[in-house]
Amino acid sequence: MADSASTLTDVLALQDELVEEAALALPHQFSECSYPLGQIRQAIYLCLTCSEPRGICSSCSIACHTEHEQVELFPKRNFRCDCPTSALAHPCTLHKQLEDVNSSNIYGQNFKGLFCRCGRSYDPNTERETMIQCLACEDWFHESCCNLRERPSSREPTPVGGPEQAAGAADELDDSRSNASSSCLPSPLINGSEYESFVCAGCVATIPILQRYAGTHGVIMVIREADNQEWKRIENSPAEGTIIVDDGRKPDFASAGMKRTRTLSNVDTPAAKRPRGSSPSLVTTSAECIAPPPNPLAQAFFYPQESDRSVLSSGDIFLTEGFRDRWCRCAKCLSSLEPFPFLLREEETYEPPEDPDSGLSLEELGLRALERLPRDRAIEGIHAYNGMKDDLKQFLRPFAQDGKIVNESDIRAFFDKLRDSGKGAAP
Ligand SMILES: [Zn+2]
Ligand SMILES: [Zn+2]
Ligand SMILES: [Zn+2]
Ligand SMILES: [Zn+2]
Ligand SMILES: [Zn+2]
Ligand SMILES: [Zn+2]
C-alpha cells in the first residue's frame, strides 16, 4: 500500500479509499460453497490448474483453488458449483461431502478457455479489447468481432512504461485494467455505456422476435451495404412508431407526425422512470400489436430473399437501457418473448452473503500477503484470513499509539513471523 514508508496517520488517511476499494473487490464472505443452492445464476470461475473443464463458485475460487490459475467466466445461469463433485479431483475445502457429477450444467467453449465466435483464448494481461457478454448464451465477444472496431494490430502488451504495464503492475482490478488497455485504442462504434445488453448473432438467429425488432429504436445493429463501405450503426429514431408508455401502464401509439420532435418519453420524463427490473407493464397485455415498424435494412439482412438490397452484418444486436420495458406485449409478441425470460426480466445473480467486516482497511493488504503464505498452513479459506486480520490489527496497534512509521518491511515481518510460527492463520 505505501510506496516506501508512512506513518499510520498516512495509512489512516488512505483508509476511506482502501475501504471502498476492498469493499468493491471483496464485499462478501467466501466461507460457503454455493453447491447446496443448486442450479443458480452466479459468477463462475474456470480453474486452469485443475484441468477439468468445469466451473467453480466464487467462494471455492478463493478458498479451495487459492493458488491455482483461474479465469473468471462471470455469471452463468442455471449452474451448480462443480468443486465438491467427483468431476474435479481437487477436494473442496468448504463443502466436504463428495457429490455426484452435476448433470444439468452446460459447458460451452468458455470451459475450454475459449471465447467469442473467433474461439480465441483470453489473457487479461495481453487482451487489448473490451469483451462483451451475450445476454442469451453468456459467451464473451471481442468488439472487433462485432465490427465495432478494427482488430488491434497487436495483442502484445504495450512496451514497458506504457499504460497497460503500469495498470498491470499496480495490480488493479480487472475492470480498470481492461479500461486502461482499451483506452489506448480508438473508441468503438458503439460505446459500452450506450447499451445495456448485447445478444450475439448466433443467439439472434434463434430468437425471431429479436430479428423482428433489430434496427428499431433501442435495438442497434451494425451493418454495411458493401465490402468497401464503413461499418455503421442503424437504429430507427424513437419517433418512428415508438410506443409511449403512459404512466408505465397504458401503452399507446406515438403518431409519427405528432411526436417527431420529442424524444422517448419513458426515458426522459422522470415521472415515468421506473426502477430497473420492475416492469408494471409486464402484467399488461395489449390487444393490438404496437411493435414499431421493422427496419428495412435489418430485415434485408435477416430475410435477404425478400429484399433487393444487400446488407452485410455480423448479425449481433445491442439493446439500449430500458429495452425490457419497450417490447410490445400483445399476445403474439409476448408469446415470442416468453421462451426467453432474460428478455423480459432482469435475472437475479447469486452473490455470497455480505461480509460484515468488509469495511476494514487492512483487508486488501492482508489478502495480498495471504497469497504469499504456503497453501497448506495458511488457508482454511477465508476463515484463516479473518483470524489473521485480527492478529495484524493487534500487531499494528503499537504503531498507532506511538505515531510510529509502518513500512512494508514491518508488514512483511508480521507475515514472516506468522509463517515461522507454523500457526498459519488459524482462526
Ligand atoms: Zn463452490
Ligand atoms: Zn483448481
Ligand atoms: Zn470448493
Ligand atoms: Zn473474437
Ligand atoms: Zn449469444
Ligand atoms: Zn405486438
Side-chain angles (χ1 to χ4, degrees), residues 28-38 42-73 79-102 105 108-124 126-134 137-155 178 181-182 185 188-189 198 200-203 222 231 314-316 350 352 371 375-376 379-384:
H28 303 292
Q29 281 175 305
F30 296 98
S31 53
E32 278 171 40
C33 170
S34 66
Y35 181 88
L37 301 174
Q42 58 180 324
I44 290 297
Y45 295 76
L46 171 69
C47 184
L48 302 171
T49 308
C50 300
S51 53
E52 299 95 342
R54 303 286 170 162
I56 57 178
C57 72
S58 46
S59 294
C60 288
S61 135
I62 288 182
C64 312
H65 300 255
T66 317
E67 293 190 338
H68 293 183
E69 196 187 340
Q70 300 175 34
V71 180
E72 184 174 3
L73 304 180
F79 200 97
R80 187 174 214 175
C81 179
D82 286 322
C83 189
T85 71
S86 53
L88 276 171
H90 189 79
C92 184
T93 62
L94 299 177
H95 182 98
K96 305 243 162 99
Q97 161 147 12
L98 185 65
E99 304 285 354
D100 289 341
V101 172
N102 286 320
N105 287 348
Q109 65 166 357
N110 290 179
F111 292 87
K112 298 188 189 102
L114 304 176
F115 298 86
C116 188
R117 56 178 64 101
C118 64
R120 281 202 299 257
S121 58
Y122 173 73
D123 178 349
T126 56
E127 182 56 65
R128 298 188 64 200
E129 289 187 63
T130 301
M131 294 187 74
I132 316 166
Q133 190 175 31
C134 173
C137 66
E138 297 176 312
D139 196 355
W140 289 87
F141 294 84
H142 299 102
E143 288 183 330
S144 61
C145 292
C146 304
N147 301 320
L148 295 185
R149 61 162 78 252
E150 293 289 319
R151 180 155 298 160
S153 55
S154 166
R155 291 184 175 274
S178 71
S181 54
S182 53
L185 299 173
L189 187 55
F198 163 83
C200 79
C203 291
V222 173
W231 289 106
S314 59
D316 305 310
Y350 167 81
E371 283 165 11
R375 166 82 183 87
D376 54 337
I379 298 143
E380 196 57 49
I382 211 73
H383 299 302

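Indexing begins at 1, ligand by ligand and atom by atom, following the structure's order.
Judged by distance alone, the side chains of Ser34 and Gln42 do bring a donor and an acceptor atom under 3.5 Å apart. For the 3.5 Å distance criterion, the side chains of Glu99 and Ser86 fail to qualify, holding no donor opposite an acceptor. Side-chain contact check for Asp139 and Gln109: at least one donor-acceptor pair (N or O, by modelled atom type) lies under 3.5 Å.
Considering the Zn ion (ligand 2) as centre, the angle to SG of Cys50 and to ND1 of His68 is 110° (10° rounding). Centred on the Zn ion (ligand 3), the SG atom of Cys60 and the SG atom of Cys92 lie at an angle of 110°, reported to 10°. Rounding to 10 degrees, one finds that the Zn ion (ligand 4) sits at the corner of an angle of 120° between His142 ND1 and Cys145 SG. Vertex the Zn ion (ligand 4); arms to Cys116 SG and Cys118 SG; angle rounded to 10 degrees, 110°.
Within a 6.0 Å sphere centred on CD of Glu32, other residues, nucleotides and ligands contribute 12 heavy atoms or fewer.
Between Arg128 and Asp123 there is no salt bridge, since no side-chain N of the basic residue sits under 4.0 Å from a carboxylate O of the acidic one.
Between the Zn ion (ligand 2) and the N, O or S atoms of His65, the shortest distance is to ND1.
Formation of a donor-acceptor pair under 3.5 Å by the Gln70 side chain with backbone atoms of Ser61 is found in this model.
With a cut-off of 2.8 Å, the Zn ion (ligand 3) has no N, O or S atom of Cys81 in range. The Zn ion (ligand 3) has no N, O or S atom of Cys33 closer than 2.8 Å.
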